[in-house]
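Quantities reported herein were computed from a predicted structural model and do not represent experimental measurements.
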Amino acid sequence: MKKYILGLFAVAVVSSCVSQQERAMKSADKNFILKAANDNFTKKKWKNALALYDRLTNLVAGTDDFPNVGFNTAYANYYDKSYKLAGHQFKNFAVNFPKDPRAEEAAYMSALCYYEGSMDYNLDQSTTETAINELQDFLTNYPNSERSKNIGQLVDELSYKLEFKAYENARQYFKMGEYKAANVAFENVLEDFPSTKLRPKIYDFIMKSRYELAVKSIYDLKDERIESALAYTKLVEKELPNTEYAKTAADLKGKLEKEKQDFVVVKKQTEARIAALTAKQKKEAERLAEKNKTEQQINDQISNEKKAMQIQRDSAALNTPPPAATFKIQR
């Protein structure tokens, strides 16, 4: 019987709440709607509260209730995890009511909404960048606020997300065997995030990228890339002593030294072959030149003889008198 009574009471309470929500949604009474909306807000029924606050926007415009409705609406959206909308609403509140005691809280919540709305590192990071800017703006505007104490920690967390995304993009180049692109991308990470905690790993990938470029390089770039890779192994040994990265650097340095020695031999052999080929080509060129010279001389001699014969024929034609005239004797 007791359970039955409790059940009826629960049904009555639910029916009462639903009835109040429905009446408020249909009502034109500002005070009744506001009370129902605030009741829902107190009970953390965010969606119900938002539905009623949305109806109140025009009804309370220009009244003392307007700031409260706007402030509660922003918080309801925040708790309902609509962070982008809540951030926009909190910022509007801070801008439109700068003298309100809650202006600082609204400015902080605006920045916090962008922080909460920051996407995973592998997704679009435009919200993360906006969150960093908003948090830094709050720190600038309220440097002595109690809320400013954790701003640096939040900014560091968001910044790490950006640098980790850049790091992962560079690592993908390395995994695909695009070592030149990987080298450039990792160097950009170091330039864009000079205080990155990923520096040891980045050093390691740059060193390995340069090693792969050196051993797989074309002949003309081999010397330069071997020296570049060797220089980086020495940098890693210096900057990261007594670490696994320094051990890797020592191992790669030994392989690169051998690669350098082997290339010296290959280079000498190649230069010898090039010299021999060049000498052969020069000799062949000289032979062809001599052959062409002889043929030209023969052609010139034939041409001269033809000219001489033509001159003789022309001279003979000039010196031969015309034949005597013949007359027929008339009978």
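For Ala229, the side-chain contact (heavy atoms from CB on, under 4.5 Å) partners at least two apart in sequence or on another chain are Arg210, Ala214, Leu256. Partners of Lys81 under the side-chain contact (heavy atoms from CB on, under 4.5 Å) rule, at least two apart in sequence or in another chain, are Tyr83.
Of the N and O atoms on the side chains of Ser118 and Lys161, at least one donor lies less than 3.5 Å from an acceptor on the other residue. Tyr115 and Glu134 form no side-chain donor-acceptor contact under 3.5 Å, judged by distance and modelled atom types alone. Side-chain contact of Arg199 with Tyr203: a donor-acceptor pair under 3.5 Å is present, judged by distance alone. In this structure, a donor-acceptor pair under 3.5 Å is present between the side chains of Tyr53 and Asn38. Neither side chain, Asn292 nor Gln296, offers a donor N or O lying under 3.5 Å from an acceptor on the other.
Side-chain heavy atoms closer than 4.5 Å link hydrophobic residues (I, L, V, M, F, W, Y) into clusters, and following such links, even through other members, never connects Leu85 to Leu112.
Ring centers of Phe90 and Tyr75: under 6.0 Å apart, within the cut-off.
Contact check on Lys247 versus Asp251 returns no salt bridge, with no Lys/Arg side-chain nitrogen under 4.0 Å from an Asp/Glu carboxylate oxygen. Using a cutoff of 4.0 Å between basic side-chain nitrogens and carboxylate oxygens, Asp39 and Lys43 are not scored as salt-bridged. Using a cut-off of 4.0 Å between Lys/Arg side-chain N and Asp/Glu carboxylate O, Lys222 and Glu259 are scored as salt-bridged. Salt bridge status for Lys260 with Glu257: absent, with no side-chain N to carboxylate O gap under 4.0 Å.
When side chains are defined from C-beta on, Leu162 counts as touching Ile132, because their heavy atoms get closer than 4.5 Å.
Closest approach of Thr73 and Val69 over heavy atoms only: OG1-O, 2.6 Å. Minimum heavy-atom separation, Ala185 to Ala170: CB-CB, 3.5 Å. For the pair Leu135 and Ala111, the tightest heavy-atom approach, listed with the atom from each and the gap, is CD2-CB, 3.6 Å. Shortest non-hydrogen contact noted between Ile202 and Thr196 is CD1-CG2, 4.3 Å. What you find for Ser148 and Leu139 is that their closest heavy atoms are CB-CD1, 3.6 Å. Of all the heavy atoms in Gln136 and Val155, the pair that sits closest is NE2-CG1, 4.1 Å.
Judged purely by atom type and a 3.5 angstrom limit, Asp100 uses its side chain to pair as donor or acceptor with the backbone of Arg102.
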